[in-house]
Each structure stands twice: as structure tokens, then as C-alpha cells.
Amino acid sequence: MKNVDDAALAESSLVGNSWYVEYIHERPVIDRSPAYFLFDKNGTLRGNASCNQFVGKYELSHGQVTLSELATTRRVCIESLGEQERRFLSAVSDVAKWKIERGLLLLLSARGEIVFQSATHARAKN
């Protein structure tokens, strides 16, 4: 179990960074995909679902995360990004937990399965 300082450190790493999605349910995203999450300090979640921007809300509590009220723009996407975006938006409802491990953000299902694996921009470039 993490102590309070470890939890605060992890949360400070999560909030305010852009987390670029590398995998959705263990399937890699398209190279140089624009899909990312940004957890703002005020509880707002925003980013790109692969083609369209999204905004919503999040709540953190003891390693749990709730993502809600997700709204997206409605741009027409090329087929491959459109398919990835549908996977992304569908997978968001599976997220129940989060952790940062070896510099990666892991958004997990209630059973602990990795739903999204994301990296900060500096790491994603490597």
C-alpha cells in the first residue's frame, strides 16, 4: 500500500501532464497518433481521442479514478483514426483505477487489466 507521500507524488505526476496513448486494451495505437489525456488541476479531463478533441471530468480517490461527462467534437476522421477513436471512446468506460509505473500512466479496469498505457511527451518521443 502506498503511503500518503507516495500517493501525493504520483498524483502530482498525473495532473498537468499530457499523457500520449501508446496502447488501448493491449493494442498499439497508430504511429504518431494524436490520442492523449490531460488531467487538469480543477478536475477537468481533456485531450484527443485520435481525431476529435474531448472534455470531461475526473475524480481521484485512493488509486481509483472516475471519468465522466465526456463530450467530443464531431470532425470527420480518416478511416484508421476513426476506428482507433471508437476503440478509445469505448475503452474510457472500462477505466476504474490508475497508477504510474516506470514513468507510464496505466489506466486500469476494475479487475486490474490495462485499458490505456500512456507516456508523457518526452518519453513518447523515444
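All of these numbers come straight from a predicted model, not from anything done at the bench. All heavy atoms count here, side chains included; hydrogens, waters and symmetry mates do not.
Between V29 and S33, the closest heavy-atom pair is CG2-CB, 3.8 Å. Heavy-atom minimum distance, I100 versus S13: CD1-CB, 3.6 Å. The minimum heavy-atom distance linking L70 with V92 is given by the pair CD2-CG1, 3.9 Å. Minimum heavy-atom separation, A91 to I24: CB-CG2, 3.8 Å. Between A110 and A96 the shortest heavy-atom distance is N-CB, 3.6 Å. Nearest heavy atom pair, residue A49 against residue L89, reads CB-CD2, 3.9 Å.
For the atom pair T72 OG1 and Q53 CD, the distance stands at 10.0 Å (nearest 0.5 Å). In this structure, CG in L38 is found 9.5 Å from CG in L14, a value given to the nearest 0.5 Å. In this structure, the separation between CZ on R87 and CZ on R27 is 3.5 Å, given to the nearest 0.5 Å. Here the CG atom belonging to L105 is positioned 9.5 Å from the CD atom belonging to Q117, to the nearest 0.5 angstrom. In this structure, T120 OG1 and N17 CG are separated by 6.5 Å, a value rounded to the nearest 0.5 Å. Here the CG atom belonging to D94 is positioned 10.5 Å from the CG atom belonging to L67, to the nearest 0.5 angstrom.
A donor-acceptor distance shorter than 3.5 angstrom exists from the side chain of E85 to the backbone of C51, with no hydrogens or angles considered. Counting only distance, with no hydrogens or angles, the side chain of N42 and the backbone of T44 share a donor-acceptor pair below 3.5 Å. Under the 3.5 Å distance criterion, the side-chain polar atoms of R86 are matched with a main-chain donor or acceptor of G82.
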>> What verdict does the side chain to side chain contact (heavy atoms under 4.5 Å, CB included) test give for F39 and W98, after you've listed the backbone C-alpha separation in whole Å, the side-chain angles of each residue and the deciding distance to 0.1 Å?
In response: CA-CA 12 Å; F39 295 81; W98 71 280; over 6 Å; no

> Going through the distances and angles, do V55 and L45 end up as a side chain to side chain contact (heavy atoms under 4.5 Å, CB included)?
Replying inline: CA-CA 6 Å; V55 65; L45 174 66; over 6 Å; no

> Does the pair V21 and F88 meet the rule for a side chain to side chain contact (heavy atoms under 4.5 Å, CB included), with working shown?
Replying inline: CA-CA 9 Å; V21 177; F88 181 106; 3.8 Å; yes

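Taking the six-membered ring for Trp and the full ring otherwise, the centers of F116 and Y36 sit at least 6.0 Å from each other.
A donor-acceptor contact closer than 3.5 angstrom links the side chains of S50 and Q84.
No continuous path of hydrophobic side-chain contacts links L81 to V76 [ILVMFWY only; heavy atoms under 4.5 Å]. With hydrophobic clusters built from ILVMFWY side chains whose heavy atoms lie under 4.5 angstrom apart, L60 shares a cluster with V95.
F54 and F37 have perpendicular rings, their planes meeting at more than 60° on a 0 to 90° scale where under 30° would count as parallel.
Evaluation of the side-chain contact (heavy atoms from CB on, under 4.5 Å) rule for S93 yields no partner, not counting sequence neighbours. Remark: D31 pairs with no residue by the side-chain contact (heavy atoms from CB on, under 4.5 Å) rule, at least two apart or across chains.
The number of heavy atoms from other shown groups lying within 6.0 Å of CD (Q64) is above 12. No more than 12 heavy atoms of other residues, nucleotides or ligands lie within 6.0 Å of CD in E26, so this atom counts as exposed by the packing criterion.
Within the 4.5 Å cutoff, the side chain of D40 has heavy atoms near those of the R46 side chain.
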